[in-house]
Number of protein chains: 4
Amino acid sequence: MPIQKVTREEILTKSLEVFRHRGYHNTSMNDLANAVGLLKGSFYHYFDSKETLMKEVLMSVNIFLKQEVFPIVHDTTLPIEARMETMLKRFSKTVFSKDGGCIVGNTILETVNQYPQFKEVLQEILTGWTNALTYLYSHRTTPEYARKLAEQSIMEYEGAIMMAKLFGESYYYKDCYLRAIERLNERTQ
Amino acid sequence: MPIQKVTREEILTKSLEVFRHRGYHNTSMNDLANAVGLLKGSFYHYFDSKETLMKEVLMSVNIFLKQEVFPIVHDTTLPIEARMETMLKRFSKTVFSKDGGCIVGNTILETVNQYPQFKEVLQEILTGWTNALTYLYSHRTTPEYARKLAEQSIMEYEGAIMMAKLFGESYYYKDCYLRAIERLNERTQ
Amino acid sequence: MPIQKVTREEILTKSLEVFRHRGYHNTSMNDLANAVGLLKGSFYHYFDSKETLMKEVLMSVNIFLKQEVFPIVHDTTLPIEARMETMLKRFSKTVFSKDGGCIVGNTILETVNQYPQFKEVLQEILTGWTNALTYLYSHRTTPEYARKLAEQSIMEYEGAIMMAKLFGESYYYKDCYLRAIERLNERTQ
Amino acid sequence: MPIQKVTREEILTKSLEVFRHRGYHNTSMNDLANAVGLLKGSFYHYFDSKETLMKEVLMSVNIFLKQEVFPIVHDTTLPIEARMETMLKRFSKTVFSKDGGCIVGNTILETVNQYPQFKEVLQEILTGWTNALTYLYSHRTTPEYARKLAEQSIMEYEGAIMMAKLFGESYYYKDCYLRAIERLNERTQ
DNA sequence: TATGAATGAGCGTTCATTCAT
DNA sequence: GATGAATGAACGCTCATTCAT
């Protein structure tokens with residue numbers, strides 16, 4: 001009976017970290033294989049190509065967010081602010097890494113122009129995030145304005161990651177986080 | 001004098017476009033050379049290495065911004081709003097491309113962790129931008145709050161580029177642009 | 001287990017020949033790969049770099065000499081002259097090639113100034129050779145004079161290789177060989 | 001009127017030094033051009049190729065030796081020993097460099113197998129040297145034995161250069177030098 | 001399933017050489 | 001004669017991928 005050293009899940013989790021840290025093009029299959037303790041060749045028993053792997057990494061992120069993160073906004077046992085806080089924290093844990101990388105943002109910038117096959121998942125992730133935030137902001141304003149606020153929060157977050165990475169400071173996130181919560185009180189102008 | 005097919009300036013300009021479109025790692029010296037009509041070997045008469053080239057591309061962006069874009073904020077013949085508008089437009093023209101790429105943002109995400117030699121220029125660019133915006137926002141609020149507004153505008157912009165790239169829509173920018181101008185009227189809370 | 005076209009040993013042996021014939025700088029990885037029936041890319045499964053390969057080639061020569069050649073001088077079942085003869089013959093077989101090349105001499109002249117990483121092995125080889133000869137010469141003279149005789153024999157040999165290569169004649173070696181043996185009878189002056 | 005920055009002689013002299021230090025294959029046309037203060041392209045006004053240049057370097061060495069060094073052996077105003085001393089010193093100055101390189105020895109080992117066009121000059125040089133030494137040694141022994149002594153002295157010298165280079169010691173030369181002189185007193189055995 | 005040898009295309013870079021000016 | 005831009009082949013090396021075992 002063949003030994004199985006790792007599971008697909010483990011590979012996806014480890015690969016997510018490596019891609020987040022090094023980016024798509026600057027990560028080699030060797031880097032990924034080493035990270036999970038396999039040899040390059042063995043990797044191809046789990047995924048047929050680097051592209052497929054990246055796609056599945058993104059898909060697993062999407063599934064996780066859809067199952068464990070975005071539904072929080074509908075948890076009526078919590079006040080709106082608490083739902084926002086919990087969701088943002090879990091989201092960050094999933095897609096951001098300590099060194100300032102965001103798997104979603106990195107991959108968009110690096111690949112969307114030339115690798116259309118990632119675009120769909122990335123769009124789904126950002127749409128899911130936008131919808132979740134829009135739902136929360138809708139409690140005190142119109143759906144249209146709530147959507148603008150959601151987009152604004154997301155864009156700020158992605159920009160904050162960049163600044164954090166460049167200057168090695170984490171206060172950019174914190175400001176975003178606070179503003180995202182404050183915006184719950186905004187109304188249409 | 002020998003026949004000269006291109007100038008250093010042209011190479012820098014074309015390379016900026018290619019890097020912006022394809023990213024740093026996914027751009028080969030061949031891509032760059034073809035873009036200017038040279039063979040890749042000939043490229044090395046102008047630049048020692050891909051790294052050097054990228055660094056010079058970023059430096060030329062920085063110089064251009066410092067000379068032609070950021071000084072607008074001190075142009076007292078224009079009202080504050082007009083200065084903001086002009087500056088943002090020129091800035092966009094320099095660092096953004098139609099397909100949604102921002103040479104600064106892309107390069108930060110792709111390289112800052114592993115290529116420290118680009119970090120300094122990138123920091124200078126973002127610091128220059130932050131200072132320019134802070135100066136404008138300071139007219140109607142405290143310097144500290146003005147700085148926060150500046151950072152917020154920048155972060156939103158970078159996030160907007162990402163969204164624009166992903167969804168192929170340009171309204172994200174426009175929203176940012178309008179909010180950046182509106183913020184001129186904000187006061188400390 | 002995967003198909004294996006060659007072993008590390010075979011690569012080392014073939015590479016020794018190619019380096020000896022063509023020299024270090026004038027041998028390309030392609031030359032080496034072809035010599036063992038691989039593509040140059042495949043070579044890198046066995047050796048990290050051309051430098052590493054050359055170093056290992058030299059190290060394997062050193063090991064072979066230490067294990068199979070130099071110990072002959074202590075073989076008390078043979079008379080001194082016979083030990084000298086056997087050692088010189090085996091030594092020649094290892095480091096010289098028919099076309100007049102000596103891997104040790106070639107590599108010293110070509111690389112010692114600019115590639116210090118080969119120096120140590122090369123020094124070890126020549127020190128080993130000097131010590132072996134010194135031991136034999138010591139039987140009938142003082143250690144100091146024996147050392148001089150050893151150095152003289154070695155220097156002549158290296159010069160003989162050069163002459164042999166240049167004039168396509170092998171009698172230069174033979175003279176050296178005979179003189180090296182005659183010197184066993186020399187005494188301090 | 002065109003300016004001439006250097007003469008052919010100067011190029012030959014400087015190139016000799018560079019080739020001696022770096023070897024043939026490891027010296028680029030750029031290295032040579034820099035050494036004489038020209039740009040690569042300008043070099044080709046003096047020599048059509050690297051090969052031609054090397055050949056001319058070797059030829060100029062040969063001419064110099066034939067005109068200024070080897071004739072010393074026939075200078076009857078000096079005792080034999082003095083002729084030997086003077087000749088060896090001038091010879092060393094011409095073909096050896098401080099860092100242990102010998103243009104003749106290096107070039108033989110590096111090129112004779114694959115660049116037959118250098119072989120002839122190199123053979124001429126070594127034949128000239130052999131003849132000069134043979135002439136001196138003939139004074140007290142037979143021509144045949146004198147020739148052997150000459151060859152022995154030359155081979156030792158070339159080996160000494162190698163040892164000197166490898167161990168960074170100059171006493172190897174000195175020993176050779178002394179033995180070459182002592183041999184003037186040797187007789188047929 | 002895991003291995004690791006092998007592939008072949010491509011990378012960034014160097015180089016000897018050419019030639020219009 | 002000198003320049004330096006341009007060439008094109010080759011270099012050492014990396015990579016995603018394949019596949020016999």
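Note on naming: letters A, B, ... go to the chains in the order of the sequence lines (proteins, then strands), and numbering restarts at 1 for each one.
- Residue C:Leu38 has its side chain nearest to E:dT7 when only E:dA16, E:dT7, F:dC11 are considered.
- The pairing partner recorded for E:dT7 is F:dA16, the criterion being a Watson-Crick or G-U wobble arrangement whose two distances lie under 3.5 angstrom.
- Each of F:dA5, E:dT3, E:dT13 was ranked by its minimum atom distance to the side chain of B:Tyr46; first place goes to F:dA5.
- With E:dT13, E:dG10, F:dA6 as the choices, the nucleotide that has an atom nearest any side-chain atom of B:Lys40 turns out to be E:dT13.
- For the pair B:His25 and C:Gly37, nearest-nucleotide mapping onto DNA chain E gives the more 5' position to C:Gly37.
- Following rounding to the nearest Å, C:His45 (NE2) and F:dT17 (P) show an atom-to-atom distance of 15 Å.
- With rounding to whole Å, B:Phe43 atom CZ is found 15 Å from E:dC11 atom C1'.
- Nucleic acid contact class of B:Thr27 (heavy atoms, under 4.0 Å, all strands): sugar-phosphate only.
- Put simply, C:Tyr44 has no side-chain N or O that comes within less than 4.0 Å of OP1 or OP2 on F:dT14.
- Atom CD1 of C:Ile11 is separated from atom C1' of E:dG4 by 13 Å (rounded to the nearest Å).
- Between the CZ atom of A:Arg8 and the P atom of E:dT1 there is a distance of 11 Å, given to the nearest Å.
- Distance B:Glu9 CD to F:dA5 P: 14 Å, rounded to the nearest Å.
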The test is side-chain contact (heavy atoms from CB on, under 4.5 Å); show your working for C:Leu109 and D:Met162 and say whether it passes.
CA-CA 7 Å; C:Leu109 291 200; D:Met162 208 174 273; 4.1 Å; yes
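- Rounded to a whole Å, the CG atom of B:Leu32 is 11 Å from the P atom of E:dT13.
- Comparing C:Lys50 and B:Gly41 by the nucleotide of DNA chain F whose heavy atom lies nearest to each, the residue mapping closer to the 5' end is B:Gly41.
- Proximity of B:Ser49 to the phosphate of E:dG12: no side-chain N or O atom is located under 4.0 Å from OP1 or OP2.
- When rounded to the nearest whole Å, the span between CG of B:Leu39 and P of F:dA10 equals 15 Å.
- Panel note: side chain D:Tyr46, backbone D:Leu12; no donor-acceptor pair is recorded below 3.5 Å.
- Summarising the geometry, the separation between CE on C:Met29 and P on E:dG12 is reported as 20 Å, rounded to the nearest angstrom.
- Within the 4.0 Å cut-off from OP1 or OP2 of F:dT7, at least one side-chain nitrogen or oxygen of B:Ser42 is found.
- Nearest to the side chain of A:Ser28, among F:dA16, F:dA6, F:dC13, sits F:dA16.
- Under a cutoff of 6.0 Å and an axis angle of 45°, D:Lys50 and D:Phe19 do not form a cation-pi pair.
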May I have the step-by-step check of side-chain contact (heavy atoms from CB on, under 4.5 Å) for D:Gln114 and C:Asn26, ending in yes or no?
CA-CA 10 Å; D:Gln114 9 227 316; C:Asn26 200 35; 3.1 Å; yes
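- At least one test fails for C:Lys55 against the ring of C:Phe47: distance under 6.0 Å to the centre or angle within 45° of the axis.
- Across all strands shown, E:dT21 forms a Watson-Crick or G-U wobble pair with F:dA2, both key distances being under 3.5 Å.
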